[in-house]
Structure formats: C-alpha cells, structure tokens
Colleague: 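Below you will find the structure I want to go over with you.
Chain identifiers are assigned alphabetically (A, B, ...) following the order of the sequence lines, protein sequences preceding nucleic acid strands; residue numbering begins at 1 within each chain. Nothing here was measured: the structure is a model prediction, and the numbers come from that model.
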Amino acid sequence: MASAANLRNKTPIIVAGPTGVGKTAFAVELANRLDGEILGADAYQVYRGMEILTAQPDHESRSAVPHHLIGFLSPAEPFDAAHFVTLAREKISKILARGKLPIITGGSGLYIKALTHGLVDRPPGSSSLRSELAELSTHQLRERLGKLDPDAKVDIHNPRRVVRALEISILTGRPASELHRDWQTKATPGFRGLLLVRERAELSARIAENVRGMFERGVVAEVGRIPELGPTAAMAIGLREIQALRRGELSQSECVDAVTLSTRRYVKRQLTWFRNQFMFEIIDLTGLRDTHEIPPRALEFLGAA
RNA sequence: GGGUAGGUACCGAAGUGGCCAAACGGGGCGGACUGUAAAUCCGCUGGCUUACGCCUUCAGUGGUUCGAAUCCACUCCUGCCCA
C-alpha cells in the first residue's frame, strides 16, 4: 500500500516503453494506486477515429481513469512535438491543480524529450515549403543547404533532415545550425521516469498477437471510415499496408505479417531512443501479463512500496 | 526406374578456376535523431581479433590443379517431366 506521504508526491511520472510492452495497463494500475490521471505521449493516439489502429486505451481503462490527449484530433490535422508540448504542459498543470498525479504514458520518444527538455525555438514546419523542397533531388537539396548553412551538422544522407534544416534557414534567414543547442543531459528533473521493457522474443510475440487482435476488431473497416488523412496521421504504422489490402494488393495474412514486421522494427527505434536519451528506471515486465501487477521494483522507485 | 533443373551464409538469390568470407535483397542486431518521430537516415551481420591477420565455410566424399563455391567422379537430398 502507498503511504499517505507518498500519495502526496505529485511529481509527474513518465511511463515510457516500446509498443506492446504493456504501458497502457501498467499506467492504469499506477493511476489507480497513486490517484493519478493519464496523459498520452503518443503522436498517433491523438487521432480520433483511429482507435484500433493506434491501440488507444479501451473504454474500460478510460472510464476507470481520466485520459488526456488521446483521440481528440481529426486525422486531417497535422500534429507535431511542439504542439504536443504546449498541450501537455497545460494538461499537467490542470491535473496538478486538481490534486491528482500526472502519469505521462507513451511511446513517442521525441515528444517525451521535448516535454522534459524543451525544443529549441525554431519555426514550425511549412507544408508549402516542404512540398516545394520535395521536388528537389538529394543533390540539389545538399547544394542549397551548403549555401544557406555551410556549417550544418545534419545527416546529409537523410533528406528529411536536410529539408528541415533548409526550412529553418529559409524561414528565419539564419543558418539552422546557429539556432541549434544541444540537449545537455539525460536527466529529467521534475519528472520520475520509468522505462518498461520485456525480453525481445516475448515482446515480438505480444506484438504479433496485438496485430491479429486489431484485425479481429475491425481495423480494416476503421481505416475505411477515416474521412481525410493529413500528413501526420497518414504515416501511422499499418495504414499503408491496410490500404494496400483494401485495394486488393495484399492478402489478409500478408497484411497482418507486414504490419507486425513494421511494428517490430519500430520497437527497435523506440528502444534505441529511450535507452540513449534518458536515464529512466528500467522495469522488466518479462513474464508478467497485462494484469494489475506492478513489479515491486517500480513501486520502490516511486516510493510507493 | 528414365530424363531434367537444382542444392551457396538466418532466408531469398548472384557468383561457374585466382580479384571470394563470397554481390544484392530480406530478416536480425546496433546507432543517429531538437516543430513530419508509428517518420527519416546510417552501420554491422561465419568464427577469433582493436587492427594487421589467422581459422572454418558454398550438400557429402574423393579427385584434377600451383590454386576450386566454380572442373571431374561417385553418393545423398529437392523441384519438374516421362514411365
């Protein structure tokens, strides 16, 4: 049982981890025990009408504990890390004002980092500029960047990065590299961070099962009902594969396999980010089902044992 | 039983006497990331080694050759065709 003193600790908790580890169930249980409210830190769960595809918490969870920043945005709308930070800060202070504990849960590493460390003040993306730059070849992009920002530290093999650096330089009239500032530390003062992990084989098995479940619950129909996809929502894992299925270019089982594979590869990138960007307390959930079990180690770390 | 095409690293697939530890793709693993991040990009991937390098590989065995994944013989296995 949590002691009265520990219940009074309202330092926001971050529950990070790769897709499929069991963040959702874990966070709900934590919220129950510590009188918390859940704040999604997920770039895709923000979208309305994509509940199954983005594995949003179910009704049971959502009626048990208040959830924020989940399923509130039209898929037609773009979304980004800065937008997330603004909304999240607002929500966090409201939750605290209510005397509740904010529990930030999600798999979008950049969003969490932006929340804990802040983003450098740079202009937001410009869709018109981006589509204009998209016309250029890699070589042309590098050439332009070389003129505008000769000291650019961006990965020149990565067109996405080059485009963003160019975008910043063009919009501000100053070299993008001049506006850069390193994130100095992995520490996250003001937050208590947990990184949920599981053995890779178990995680893969869970992902395969989750993807099968998505199809059983009707993702294909859900995708068909999305009225309009904006630039951000269109990149959700599984979307392209399911659209291919709907066009008859993929069989159901090929589609399931493809989505499972994309998800597994995403998990690798998530783990790389979380391992190397933060110093969160690692909580191994291997062997635990999505019950209401919270490993003692996690409770100790949170001072709630 | 006869014919025929094959058996290459985790998988698919090039290579057909030295430039081969073996192209390329997939997968796997690792990494990067500051307003698209479920995105985008990079590296490694037989063993030992920091590296030079050494060792063991191309179904198996035995040959030919200075030298074989590559040529020859036999054996085993697989696909297809004919009986």
Colleague: In a check of side-chain contact (heavy atoms from CB on, under 4.5 Å) between A/Tyr47 and each of A/Gln45, A/Met50, A/Glu51, which one passes?
Modeller: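 Checked A/Gln45, A/Met50, A/Glu51 against A/Tyr47; only one passes side-chain contact (heavy atoms from CB on, under 4.5 Å): A/Met50.
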Colleague: Could you give the CD-to-C1' distance, from A/Gln270 to B/G31, as a whole number of Å?
Modeller: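 Going from CD in A/Gln270 over to C1' in B/G31 covers 16 Å.
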Colleague: Side-chain N or O of A/Arg200 less than 4.0 angstrom from OP1 or OP2 on B/G28?
Modeller: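 For B/G28, OP1/OP2 do not have a side-chain N/O of A/Arg200 under 4.0 Å.
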Colleague: Can you tell me if A/Tyr44 touches the phosphate of B/A38, counting only side-chain N or O atoms and a distance under 4.0 Å to OP1 or OP2?
Modeller: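 Negative; the distance criterion is not met.
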Colleague: Counting just side-chain N and O atoms, does A/Gln277 come under 4.0 Å of either OP1 or OP2 of B/C33?
Modeller: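 Answer yes for this pair, as a side-chain N or O of A/Gln277 is under 4.0 Å from OP1 or OP2.
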Colleague: Sticking with atom P, work out how far B/A14 lies from B/G25, rounded to a whole angstrom.
Modeller: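 So the two P atoms sit 15 Å from each other.
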Colleague: According to the Watson-Crick and G-U wobble definitions, with both distances under 3.5 Å, which nucleotide is paired to B/C54?
Modeller: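 Its partner is B/G47 (Watson-Crick or G-U wobble, both distances under 3.5 Å).
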Colleague: Checking the side chain of A/Thr172 only, and the main-chain atoms of A/Arg174 only, is there a donor and an acceptor separated by less than 3.5 Å?
Modeller: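 Side chain of A/Thr172 to backbone of A/Arg174: a pair is present.
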Colleague: Inspect the contact between A/Arg297 and A/Glu281 and indicate whether a charged nitrogen and a carboxylate oxygen are less than 4.0 angstrom apart.
Modeller: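 Salt bridge between A/Glu281 and A/Arg297, a charged N being under 4.0 Å from a carboxylate O: yes.
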Colleague: Just N and O in the side chain of A/Arg164: are any of them under 4.0 Å from OP1 or OP2 of B/G35?
Modeller: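 Checking A/Arg164 against B/G35: at least one side-chain N or O falls below 4.0 Å of OP1 or OP2.
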Colleague: Tell me whether the OP1 or OP2 atom of B/U40 has a side-chain N or O from A/Arg161 closer than 4.0 Å.
Modeller: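 For B/U40, OP1/OP2 do not have a side-chain N/O of A/Arg161 under 4.0 Å.
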Colleague: Could you check whether the side chain of A/Asp80 and the base of B/A37 have a donor-acceptor pair of N or O atoms closer than 3.5 Å, going by distance alone?
Modeller: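 Absent.
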Colleague: Counting just side-chain N and O atoms, does A/Asn158 come under 4.0 Å of either OP1 or OP2 of B/C42?
Modeller: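 A/Asn158 to B/C42 OP1/OP2: no side-chain N or O under 4.0 Å.
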Colleague: Any strand is fair game: report the nucleotide pairing with B/G67 by Watson-Crick or G-U wobble, both distances under 3.5 Å, or none.
Modeller: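 Partner of B/G67: none.
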Colleague: Would one find a side-chain N or O of A/Lys268 under 4.0 angstrom from OP1 or OP2 of B/G30?
Modeller: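 Result: yes.
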Colleague: Answer yes or no: is there an ion pair linking A/Asp35 with A/Lys100, defined by an N-O contact shorter than 4.0 Å?
Modeller: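 Looking at A/Lys100 together with A/Asp35, the answer is yes, because their closest N to O distance falls below 4.0 Å.
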Colleague: Please give, in whole Å, the distance from B/U40 C1' to A/Leu110 CG?
Modeller: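 Those two atoms, CG and C1', are 12 Å apart.
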Colleague: On the nucleotide B/A38, are OP1 or OP2 found under 4.0 Å from the side-chain N or O atoms that A/Ser108 carries?
Modeller: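 So the side-chain polar atoms of A/Ser108 do come within 4.0 Å of the phosphate oxygens OP1 or OP2 of B/A38, strictly under.
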Colleague: Where each residue is assigned the nucleotide of RNA chain B containing its nearest heavy atom, which of A/Val120 and A/Ser262 is assigned the position nearer the 5′ end?
Modeller: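 Looking at RNA chain B, the more 5' nearest nucleotide goes with A/Val120.
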Colleague: Can we say A/Arg206 and A/Glu202 salt-bridge, meaning some charged N sits less than 4.0 Å from an Asp/Glu carboxylate O?
Modeller: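 Salt bridge absent between A/Arg206 and A/Glu202.
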Colleague: Would you say A/Thr19 places a side-chain N or O within less than 4.0 Å of OP1 or OP2 belonging to B/A38?
Modeller: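 No.
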Colleague: Does A/Arg269 have a side-chain nitrogen or oxygen under 4.0 Å from the phosphate oxygens OP1 or OP2 of B/U40?
Modeller: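 For A/Arg269, the contact criterion (side-chain N or O under 4.0 Å from OP1 or OP2 of B/U40) is not met.
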Colleague: Could you give the CZ-to-C1' distance, from A/Arg265 to B/G25, as a whole number of Å?
Modeller: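 After rounding, the gap between these two atoms is 12 Å.
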Colleague: Let me know the distance between OH of A/Tyr266 and C1' of B/U40, rounded to the nearest Å.
Modeller: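 After rounding, the reported distance stands at 13 Å.
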Colleague: With rounding to the closest Å, how many angstrom separate the P atoms on B/A73 and B/U64?
Modeller: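 Looking at atom P only, B/A73 and B/U64 are 15 Å apart.
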